[in-house]
2 protein chains.
Amino acid sequence: MPDETQPSASPGVTPKAAYHHGDLRAQLITAVRELVETHGPDGFSVSEAARRAGVSSAAPYKHFKDRHEILRGVVSEAMDRLRAAMEAGAASYPVGSLEAVATVGRAYVEFAKAEPGVFRLVFGLTEGHENAPDLLAKGEGCFGVVVQAVAACLDLPPGDRDVQRRAYMLWSLVHGHSFLNIDMKTKVTTAEIDDWAYLMAVSRAILTAPEG
Amino acid sequence: MPDETQPSASPGVTPKAAYHHGDLRAQLITAVRELVETHGPDGFSVSEAARRAGVSSAAPYKHFKDRHEILRGVVSEAMDRLRAAMEAGAASYPVGSLEAVATVGRAYVEFAKAEPGVFRLVFGLTEGHENAPDLLAKGEGCFGVVVQAVAACLDLPPGDRDVQRRAYMLWSLVHGHSFLNIDMKTKVTTAEIDDWAYLMAVSRAILTAPEG
DNA sequence: TGCCAAAGTGAGTGACGCTAACATATGTAA
DNA sequence: TTACATATGTTAGCGTCACTCACTTTGGCA
């Protein structure tokens, strides 16, 4: 199940790579990611991905149970990148600063802008998604980044109920903004928004509001 | 193109109904809505919808150009209902009250909860969506409901820039909350949220924050 | 060296999206 | 009423896709 990383892995316990093809599993995930990005989350086919990887249309089923499992692989990889981007953002400003909070949101929004197809896939996966505790865990991991930034900013422990509440508000807001941003690209009167100013204003509004 | 309303329409310019079948167009849209709701946005097929309506698998193409156009029909109908729900909500509280704002958001969230499949479809439509100015217009119409409630609450004209900004913040927040709510149904620590209290708190936070 | 399991192939099945050619009902006009 | 144009429906068929099965090839290892 795990490990879609190195093509030239050492012959350890689960190498899963470099037999005939090289590393088909990872190459398929890459192909699918590109397809999802260019043709939308629905405009992908296992056959086309196999074609791009230069293998027969039956080969993918040696690595994935069905098409949903491939998508889950793409989502898993994408969530890793999303989290990394959020953490990298947070680290580029002083711990506890409002900018650190806003920049986590900016990483989120920019991910959505850069890879709208994948972003939609990540949060649009429904079928076969239920039995995927690893994805849920990664989702909570991303949320955790927000919580930590908020906690540092409010100088409260991450487990604090008010911290969680405000972090969730911020996440909802950023999540919604990302989607709206993607959907009506050049539309909606208010869509021409300076993301950074917007995120700073939003963070300030939510973090300084009196406790509800 | 328009008109999926009355089966027994008068023989006007574009009756489009009650020939052989009765009113296949509307019946197909209903069938697709049900399929989308039960099997997810992807788990729908034109064939299955035709089967449910009791016609051959080629019949739908007399009413819709392709599968995407059927989906657009479903989305269009859903957006009408969504807007109606938002307006009905707003009308159930005094104009200008904070509750009126919060209740618009609640209508939104409850629509998402009641019809998660359709909700996802509405905001997940990508292919063939570009050339659909009517859907974009309906989207702006829904946003307009939020703007009006916010404007009344702040006692400012709907065109005011600050009103638009705050309305957009609120919409993002509610939109994001709706999605997160659907996605991790029973998950994420903070997901057990009293929607009403949450929406009231959020509305207050955003409407009373100092201008940014 | 011989064996097993992993990794890949090719052919086949059933479903689907969509089109083409044909059949039938309906409103309008001669 | 009859004749026609058009809207609506049907059957048959094409190409694609997801997925399976039987088979071959390859590499690691006892």
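Throughout, protein chains are lettered first and strands after them, A, B, ... in sequence-line order, and every chain is numbered starting at 1.
Atom CG of A:Asp42 is separated from atom C1' of D:dT16 by 16 Å (rounded to the nearest Å). The CZ-C1' distance, from A:Phe64 to D:dC19, rounds to 15 Å in whole Å. Nucleotide D:dC17 holds its P atom 14 Å from the CZ atom of B:Arg67, rounded to whole Å. Remark: C1' of D:dT8 and CG of B:Leu28 are 12 Å apart, rounded to the nearest angstrom. Atom NE2 in B:His39 sits roughly 15 Å away from atom C1' in C:dA15 (whole-Å rounding). Remark: P of C:dG17 and CD1 of B:Ile70 are 8 Å apart, rounded to the nearest angstrom. In this entry the distance linking OH of A:Tyr61 with C1' of C:dT13 reads 13 Å, nearest Å. Rounding to whole angstrom units, CG of residue A:Leu24 and C1' of C:dT9 are separated by 13 Å.
Here A:Glu48 pairs with A:Arg51 in a salt bridge; the nearest charged N to carboxylate O distance falls below 4.0 Å. Electrostatic pairing of B:Arg166 and B:Asp160 does not count as a salt bridge here, judged by no charged N lying under 4.0 Å from a carboxylate O. The pair B:Arg83-B:Glu87 meets the salt-bridge criterion, with a side-chain N (NZ, NE, NH1 or NH2) lying under 4.0 Å from an Asp/Glu carboxylate O.
With hydrogens and angles left out, the side-chain atoms of B:His177 and B:Tyr198 include no donor and acceptor closer than 3.5 Å.
Among residues two or more places apart in sequence or in another chain, the salt bridge (Lys or Arg N to Asp or Glu O under 4.0 Å) test is passed with A:Arg106 by none.
The 12-atom threshold is exceeded at CD of B:Glu37, counting heavy atoms of other residues, nucleotides or ligands nearer than 6.0 Å.
In this model, the phosphate group of D:dG9 is approached by a side-chain N or O of B:His63 to a distance below 4.0 Å at OP1 or OP2.
Along DNA chain D, the nucleotide nearest to A:Lys62 and the one nearest to A:Val46 differ in position, and the one closer to the 5' end is contacted by A:Val46.
Within residues 49-59 of chain A, the residues approaching DNA chain C are A:Val55, A:Ser56, A:Ala58, A:Ala59, by heavy-atom distance under 4.0 Å.
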